[in-house]
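For clarity, every value in this text was computed on a predicted model and none was experimentally measured. In the text below, chain A, chain B and the rest are named by the order of the sequence lines, each starting its count at 1.
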Protein chains: 2
Amino acid sequence: MKSGPDIARVAALVGDPARANMLTALLDGQALTASELAQEGGVTVQTASSHLGKLLQARLVGVRKQGRHRYYDLGGRDVAHMLEALMGVAAGAGPTRVRPGPKEPALRKARVCYDHLAGDLGVQLYEGIRRLKLLAKDGEAIALTRKGRRFCTDFAIDLADLERLRRPLCRECLDWSARRSHLAGSLGSAFLARFYDLGWAKRVPSSRVVAFSSTGEKAFLDRFAA
Amino acid sequence: MKSGPDIARVAALVGDPARANMLTALLDGQALTASELAQEGGVTVQTASSHLGKLLQARLVGVRKQGRHRYYDLGGRDVAHMLEALMGVAAGAGPTRVRPGPKEPALRKARVCYDHLAGDLGVQLYEGIRRLKLLAKDGEAIALTRKGRRFCTDFAIDLADLERLRRPLCRECLDWSARRSHLAGSLGSAFLARFYDLGWAKRVPSSRVVAFSSTGEKAFLDRFAA
DNA sequence: TAGACGCTTCGATTATCATCGAGGTATGAA
DNA sequence: TTCATACCTCGATGATAATCGAAGCGTCTA
């Protein structure tokens, strides 16, 4: 009966609206201060502090002290993955369907998932580079082909840098809106950073939306969704 | 702020211990009656009924009436996936670490995940058939190679049968214990069924453990983990 | 040193929800 | 019909936990 990990404990933590909002706010990978998270959660700082204490104890978030601020970030990639999985279920569940707010279509199109691109464009990116044979499945891991490595160099992504990290280079991540995979891992992260650098896209403040400029989107589609 | 699906609602549902236990009991894909689920959850039937009503409304479970019984099963594959993701986080979280009960190692080695094989042996199966080039990634979906199709026929798996279903043939599923992918989809399901048929393994009653006989395990490793 | 700021801890209040007894409604058996 | 089973609904009870005011503790600025 009591087999496997204690799933109810962590689910209950995410089950509180205030905490859920905080976690979702952290889902883009950037760290936020306790007061900012209180704002995101729609509660006072005292309440938020209590919540953060619990999340911290369960390792769902981490902290870095910096001066008189305390920066909280997500506990890890598996936490992000779990949250996205929850969204996948929540999206198609309940009689109280999520009413598609004004931001919804934008989120569906392109958003940040921890530190890489998700949404329609994220899926297009992944499928594009698969179609161009820049990536190949080799056994368990996805790996860059020779052609892929050349492409990255051309695209000003320093592979040597990425490979020094202990983090896997390529990884699939399931998209809750598109229900398809997109590219995660350090390479996914590097791609997104490059899009920012090139001025193709930028983050919309205080949301997970990634806004592509019209020229940026054209360039993006040109490269990857040919 | 209020962007994306209502994650707290579903998390709160899973957050109750009784409901969590019920869901975990359903994770192996077989349907259970309301009374059986009450037992699994450690509550009376009235309480269980209340819980099941909520889970049903949120589509986390489904029902089939059959005579005077009501068979509940998991709402879908995405629900199963979410639960596994939660386990992944719960496994490595909290100061109250899960104490590895007697069943734990067995669960880690081989268990049922909805309807296919998970755990170490599940991962070995997947990696084995990848290594043998029976599967290939083609764009977005994983597909059987010609060699793979021949293998299945030899292994007495009726592909034509499987392909009539609307369900995808091959699919990856992330393992919470091994943190690697294993094979899901109707093919994953067919493989497991075949292992039962061959007498290589059988289910341990009222648990998710899949017990391989010693000869069965040898045959399994011979084929897939060569 | 004083004061402002960011955050946490403590304590009291309140609302939510799981729980189960009692009673009600289908289904199946005798 | 009558009884038993499987399940659900209703209502009362109780425990848990979210919430915020007040107060305390570091840290930065002047």
*Asks:* Check the distance between dC25(D)'s C1' and His69(A)'s NE2 and give it to me in whole angstrom.
*Replies:*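 The answer, rounded to whole Å, is 16 Å.
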*Asks:* To the nearest Å, give me how far apart CE (Met22(B)) and P (dA18(C)) are.
*Replies:*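 These atoms are roughly 11 Å apart.
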*Asks:* Within the 4.0 Å heavy-atom criterion, would you say Tyr72(B) contacts the bases, only the backbone, or no part of the nucleic acid?
*Replies:*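 Sugar-phosphate: the residue Tyr72(B), judged by heavy atoms under 4.0 Å, touches backbone atoms but no base.
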*Asks:* Is the closest basic N to carboxylate O distance between Lys109(B) and Glu217(B) below 4.0 Å?
*Replies:*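 A salt bridge is present here (some side-chain N lies under 4.0 Å from a carboxylate O).
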*Asks:* Is any side-chain nitrogen or oxygen of Ser49(B) closer than 4.0 Å to OP1 or OP2 of dC8(D)?
*Replies:*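 Checking Ser49(B) against dC8(D): at least one side-chain N or O falls below 4.0 Å of OP1 or OP2.
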*Asks:* Asp16(B) has a side chain; which of dC20(D), dA18(D), dA18(C) sits nearest to it?
*Replies:*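 Taking heavy atoms from C-beta onward, the closest nucleotide is dA18(C).
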*Asks:* Is the gap between the ring centers of Phe191(A) and Tyr196(A) under 6.0 Å?
*Replies:*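 Ring centres of Tyr196(A) and Phe191(A) not closer than 6.0 Å.
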*Asks:* Check whether any side-chain heavy atom of Arg77(B) lies under 4.5 Å from a side-chain heavy atom of Asp115(B), and answer yes or no.
*Replies:*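 Yes. Closest side-chain heavy atoms under 4.5 Å.
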*Asks:* For Leu56(A) and dT9(C), give me the distance from atom CG to atom P, rounded to whole Å.
*Replies:*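 Result: 10 Å.
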*Asks:* Please state how far atom CG in Leu37(A) lies from atom P in dG6(C), giving the value in whole angstrom units.
*Replies:*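 Spelled out: CG on Leu37(A) to P on dG6(C) is 14 Å.
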*Asks:* Counting only side-chain N and O atoms of Thr47(A), is one of them less than 4.0 Å from OP1 or OP2 of dA18(D)?
*Replies:*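 It does not, given that no N or O in the side chain of Thr47(A) lies less than 4.0 Å from OP1 or OP2 of dA18(D).
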*Asks:* In whole Å, what is the span from the CD atom of Gln57(B) to the P atom of dC8(D)?
*Replies:*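 Rounding to the nearest Å, CD of Gln57(B) and P of dC8(D) are 14 Å apart.
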*Asks:* Take the protein atom NZ of Lys54(A) and the nucleotide atom P of dT9(C), then report the distance between them rounded to whole Å.
*Replies:*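 Atom NZ in Lys54(A) sits about 12 Å away from atom P in dT9(C).
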*Asks:* Reading nucleotides 23-30 of chain C from the 5' end, what letters show protein touch, with B for base, S for backbone sugar-phosphate only, - for no heavy atom under 4.0 Å?
*Replies:* ----BS--
*Asks:* For Leu83(B), which of Asp78(B), Thr24(B), Leu74(B) qualifies under side chain to side chain contact (heavy atoms under 4.5 Å, CB included)?
*Replies:*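 Looking at Asp78(B), Thr24(B), Leu74(B), the match for Leu83(B) under the side chain to side chain contact (heavy atoms under 4.5 Å, CB included) is Leu74(B).
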*Asks:* Run the salt-bridge test on Arg111(A) and Asp28(A) with the 4.0 Å N-O cut-off and return the result as yes or no.
*Replies:*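 Between Asp28(A) and Arg111(A) there is no salt bridge, as every charged N stays at least 4.0 Å from the carboxylate O atoms.
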*Asks:* How close do Arg19(A) and Ala12(A) get, counting heavy atoms only, and between which atoms?
*Replies:*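 Closest approach of Arg19(A) to Ala12(A): NH2-O, 3.4 Å.
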*Asks:* Check the distance between dT16(C)'s C1' and Leu13(B)'s CG and give it to me in whole angstrom.
*Replies:*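 My rounded result for the distance is 14 Å.
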*Asks:* Does OP1 or OP2 of dC20(C) have a side-chain N or O of Thr44(B) closer than 4.0 Å?
*Replies:*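 For Thr44(B), the contact criterion (side-chain N or O under 4.0 Å from OP1 or OP2 of dC20(C)) is met.
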*Asks:* Identify which nucleotide among dA18(C), dT19(D), dT8(C) has an atom closest to any side-chain atom of Ala18(A), counting heavy atoms from C-beta outward.
*Replies:*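 From the listed options, dT19(D) comes nearest.
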*Asks:* Within the structure, does a side-chain N or O atom of Arg70(B) lie under 4.0 Å from either OP1 or OP2 of dC8(D)?
*Replies:*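 Affirmative; the distance criterion is met.
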*Asks:* Please identify which of these residues, Val43(B), Val14(B), Val61(B), meets the side chain to side chain contact (heavy atoms under 4.5 Å, CB included) condition with Met22(B).
*Replies:*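 Looking at Val43(B), Val14(B), Val61(B), the match for Met22(B) under the side chain to side chain contact (heavy atoms under 4.5 Å, CB included) is Val43(B).
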*Asks:* Quickly work out the Leu32(A) CG to dG6(C) C1' distance and round it to whole Å.
*Replies:*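 Nearest whole value for this atom pair: 15 Å.
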